[in-house]
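Take a look at the structure set out below.
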There are 2 protein chains.
Amino acid sequence: MNISHAAKASGLPAKTIRYYEDIALVKPGRNANGYRDFSEVDIHNLTFLARARALGFSIEDCRALLALYTDTSRASAEVKRIAQDHLTEIETKIADLTAMRDTLSHLVRTCHGDDRPDCPILTGLGGAQHGSDRIQK
Amino acid sequence: MNISHAAKASGLPAKTIRYYEDIALVKPGRNANGYRDFSEVDIHNLTFLARARALGFSIEDCRALLALYTDTSRASAEVKRIAQDHLTEIETKIADLTAMRDTLSHLVRTCHGDDRPDCPILTGLGGAQHGSDRIQK
DNA sequence: ATAAGGTTTCCAGTAACTGGAAGGTCAACC
DNA sequence: GGTTGACCTTCCAGTTACTGGAAACCTTAT
């Protein structure tokens with residue numbers, strides 16, 4: 001299976017697959033002509049990686065998860081720990097973004113957005129801090 | 001005002017302030033000894049930048065906002081457009097992360113997390129797609 | 001023979017810093 | 001005057017996870 005086929009099967013761009021080989025996440029074989037040759041297992045691993053990345057796991061987390069995935073004697077505790085840590089990270093990000101959104105949407109709502117120079121958004125960013133206009137660090 | 005003072009006043013690390021000078025976001029003066037010398041306006045702009053960055057605006061957005069900020073004849077419409085675009089981005093990110101969180105927290109909940117090798121998280125990532133275990137791209 | 005469409009490697013760039021090295025400066029203390 | 005310690009300077013490299021592009025090779029069809 002050549003790389004474009006592997007790309008289609010896994011949903012990852014060919015460039016990304018080459019990169020994953022570079023950093024030793026996958027180790028496809030090679031044909032006589034030098035082209036990469038992906039086995040079913042390679043495709044399966046790439047699909048695994050695509051899913052884990054879609055869930056926001058870092059490459060290093062993916063490397064660990066993939067190692068655990070192929071080790072049938074692993075304990076699920078280790079996997080759960082990685083996933084739980086990542087879940088906590090995601091929840092922190094959601095909280096941060098939600099706070100940003102609340103502040104920003106308030107600023108946007110109060111800005112008339114016409115051709116007048118007066119702008120509560122810039123005033124808010126510029127340091128006029130009072131009441132709900134305050135921007136948290 | 002030297003850089004460590006500016007850092008304290010703006011809440012930005014000194015390294016970041018030097019970087020902002022590098023990319024021409026601020027242009028502090030220099031003392032005879034070569035040390036940077038920050039004016040009140042510089043500090044004010046740094047504080048503006050710190051706030052805008054805390055709201056997740058990109059550096060290039062910050063550059064545009066800062067230019068609009070110092071241009072008292074600007075139209076608020078342009079500012080509102082940048083802010084609204086950014087707000088939309090943030091909302092997209094929140095939605096993406098929320099979807100990740102939902103999938104991942106489901107997987108984490110179903111994993112017993114002990115020393116047994118059986119693990120629904122890995123099974124979910126590995127391609128067993130049925131019902132609510134399916135992972136969205 | 002050549003053209004189109006694969007594939008290969010390698011190099012550079014992205015965003016926004018951050019760490020570290022090597023060296024200059026300043027204020028205080030002995 | 002010398003030395004220590006805390007500043008400051010510049011510059012270079014590394015981070016994350018790719019992505020774009022160039023130059024060149026392979027395959028298949030016309």
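Residue numbers start from 1 in every chain, and the chains themselves are labelled A, B, ... in the order their sequence lines are given, proteins ahead of strands.
Taking atom NE2 of residue B:His86 and atom C1' of nucleotide C:dA15, one finds them 14 Å apart after rounding to whole Å. As rounded to whole Å, 7 Å separates atom C1' of C:dA15 from atom OH of B:Tyr19. As rounded to whole Å, 19 Å separates atom P of C:dA16 from atom CD of B:Glu21. For the pair A:Tyr35 OH and C:dG6 P, the computed distance is 10 Å after rounding to whole Å. Separating the CG atom of B:Leu25 from the C1' atom of C:dC17 is a distance of 13 Å, rounded to the nearest angstrom. Separating the CG atom of B:Asp61 from the C1' atom of C:dA15 is a distance of 13 Å, rounded to the nearest angstrom.
Between B:Phe57 and A:Asn2, it is A:Asn2 whose nearest contact on DNA chain C lies nearer the 5' terminus. Nearer the 5' end of DNA chain C, as judged by each residue's closest nucleotide, is the contact made by A:Ala14, out of B:Lys15 and A:Ala14.
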task: List the steps, then state whether side-chain contact (heavy atoms from CB on, under 4.5 Å) holds for B:Asp102 with B:His106.
output: CA-CA 6 Å; B:Asp102 292 348; B:His106 173 71; over 6 Å; no
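Contact annotation for B:Tyr20: backbone-only contact, meaning every heavy-atom pair under 4.0 Å involves sugar-phosphate atoms and none involves a base. Across all strands, B:Ile3 comes closer than 4.0 Å only to sugar-phosphate atoms, never to a base (heavy-atom distances).
Between C:dT9 and A:Arg18, no contact under 4.0 Å exists linking OP1 or OP2 to a side-chain N or O. In this structure, A:Arg36 reaches the C:dT9 phosphate: one of its side-chain N or O atoms is under 4.0 Å from OP1 or OP2. At C:dT7, one or more side-chain N or O atoms of A:Ser4 fall inside 4.0 Å of OP1 or OP2 (strictly under the cut-off). For C:dT7, the OP1/OP2 oxygens have no side-chain nitrogen or oxygen of A:Arg30 closer than 4.0 Å.
In the 5' to 3' direction, nucleotides of DNA chain D lying under 4.0 Å from heavy atoms of chain A begin and end at D:dA17 to D:dT27.
Side-chain contact between B:Ser10 and B:Ile17: present, with at least one pair of heavy atoms (C-beta onward) separated by less than 4.5 Å. You'll find the side chain of A:Phe57 reaches within 4.5 Å of the side chain of B:Leu104, heavy atoms only.
Looking only at atom types and distance, the side chain of B:Thr88 has no donor-acceptor partner in the side chain of B:Asp85 under 3.5 Å away.
Considering only side-chain atoms of B:Asn33, the nucleotide from C:dT25, C:dC17, C:dT7 that sits closest is C:dT25.
A:Arg18 is linked by a side chain to side chain contact (heavy atoms under 4.5 Å, CB included) to A:Ile3, A:Ala14, A:Lys15, A:Arg36, counting only residues two or more places apart in sequence or in another chain.
Here B:Arg30 pairs with B:Glu21 in a salt bridge; the nearest charged N to carboxylate O distance falls below 4.0 Å. The pair A:Arg116-A:Asp114 meets the salt-bridge criterion, since a charged nitrogen lies less than 4.0 angstrom from a carboxylate oxygen.
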